[in-house]
Amino acid sequence: MLLKADSSRFRLGFLWWFLEPLLWVSVFFLVFNLILDSGKKSGDFILFLACGKFAFLWFSKTVSQASGSIVASQGLVGKVNMPKSLWPMSVMHESLYRQSTVYLLLILILLLFGVTPMLAWLWMIPVVAVMYLMIIACGLIGACLVCISRDFQKVIPLAMTFLLFTSGIFWDVRELADQEKAQLILITNPLAFMIDAHRQVLMHGQAPDMVHLMLIALAAAAFTALTVSYMQKNSQYLALKVLT
Amino acid sequence: MLELRDVSLDFRSSKGSFDHGVHHVLDQVSFKLYENETLGIIGRNGVGKTTMLRIMAGILAPTHGEVITRPGASASLLTLGLGHRLDLNGRDNAVLSAMLQGASKAEAMGYLEDIKAFSELGDSFEEPVKTYSAGMKSRLGFTTALLTHVDILLVDEILSVGDAEFRKKAEEAMKQRISGKQTVVFVSHSDTQVKDLCDRVLWIDQGRICAQGDPDETIARYRASMKK
């Protein structure tokens, strides 16, 4: 139902789900390939950008939306005693549906640029699942923080821009001259690893590093469980914080 | 049914870091709510009436004191336009509201025709809520809220909805609900409504209970204090 509401708000309706990521990719392509002249073959670079940016947009948009979701429904918080995790959860679930269509679009683009479908694309199933887990963990934590102090709402967009630059959306982690630094980035920034995994699977048909993937999944699951139980225990405290 | 014991609620105002301001909304309030009674709460704006309802509904926890509810009893705030999404039509909104008040999806679907009939919205029921007038919105909200079922009904100033005719209908429906087996806490600024509907009245001022008891007597004292 929320999807219905979302798509009816704009004239172009659900087309925006596709248009937005496509426009982003065009902007990045224009800046980095045509203006800054990165010296890559344009076809490959578009695929490279699309894989990275589509995944990143899913993460950044959903986490920021989820973070503001409890505070945004202040009216409802004051009227019903519901589990506070419900609001961010509904935002993130909604985004999963939307993103599934975006992934279809990504596959379409890959085919269009002459990548032959591979069995290895099935690796996307665990990759997307872990990505979703990661989004849930970050979204829930963000929602909690914003409830406790609205000031966090100012910091989240900044954090997203920081991640945009550090996660290798328009540059390849694997092409860094200093390989030690590349490893450090992949280890400390799970998002960079996830985006790299998207490309490895979709463009090169390579399986992602499963141990690393599992570790991220475990950490995300642990954080999710912790935050949900915190929200359950402090439901009324969070409500007071939101209302005052 | 439900008892508040020495309940206080304070919170830091958002400017707390500058003036260390702590608000005391409720100050050691104690009272009991009995089964099947209708309790009225009166008082000026901002004395903590809504906060009290929120504590009874379990939305907020008291800073001190305790709230004792009979096990298994559910308390719910009767509110207008719960969860209204303006882009969706009246039907979808009615389902959302009913579900937010604790109905299952099947139950909510079951209420739909009653809601449509009582609210007299006709074909507008299928239109997006953003095209509704304020009166139409409150009709939809009141009807949806009224038709859901809870053990303790907490009503916050909602009988002033719609045009004169609908208001009369709403009051009638409310009276019917109250005269049946229903425990109600009722916040209102309308003396006649309180006198009509309530068995007992609490008068609150500055977070304390000033007086309680017979509706006529308590309201008279409340009015007298306002004239001073």
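In what follows, every chain begins at residue 1, and chains take the letters A, B, ... in the order their sequences are listed.
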Heavy-atom distances under 4.5 Å only: say whether A:Leu238 touches chain B with side chain, backbone, both or neither.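 No part of it gets close to chain B.
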How about [X]: does its [atom1] atom have over 12 heavy atoms from other parts shown lying under 6.0 Å from it?
{"X": "A:Trp58", "atom1": "CH2", "value": "yes"}
{"X": "B:Glu126", "atom1": "CD", "value": "yes"}
{"X": "A:Tyr103", "atom1": "OH", "value": "yes"}
{"X": "B:Arg44", "atom1": "CZ", "value": "no"}
{"X": "B:Arg91", "atom1": "CZ", "value": "yes"}

In terms of heavy-atom pairs under 4.5 Å, which option from A:Val77, A:Leu86, A:Leu243 contacts chain B the most?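 Winner by heavy-atom pair count: A:Leu243.
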Between B:Ala57 and chain A, which part of the residue has a heavy atom less than 4.5 Å away: side chain, backbone, both or neither?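 Looking at B:Ala57, just its backbone touches chain A.
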For A:Gln236 and B:Gly58, which heavy atoms make the closest approach, and how far apart are they?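 Closest approach of A:Gln236 to B:Gly58, heavy atoms only: NE2-O, 2.7 Å.
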Any side-chain heavy-atom pair from A:Leu240 and B:Ile59 closer than 4.5 angstrom?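 No, too far: nothing below the 4.5 Å cut-off.
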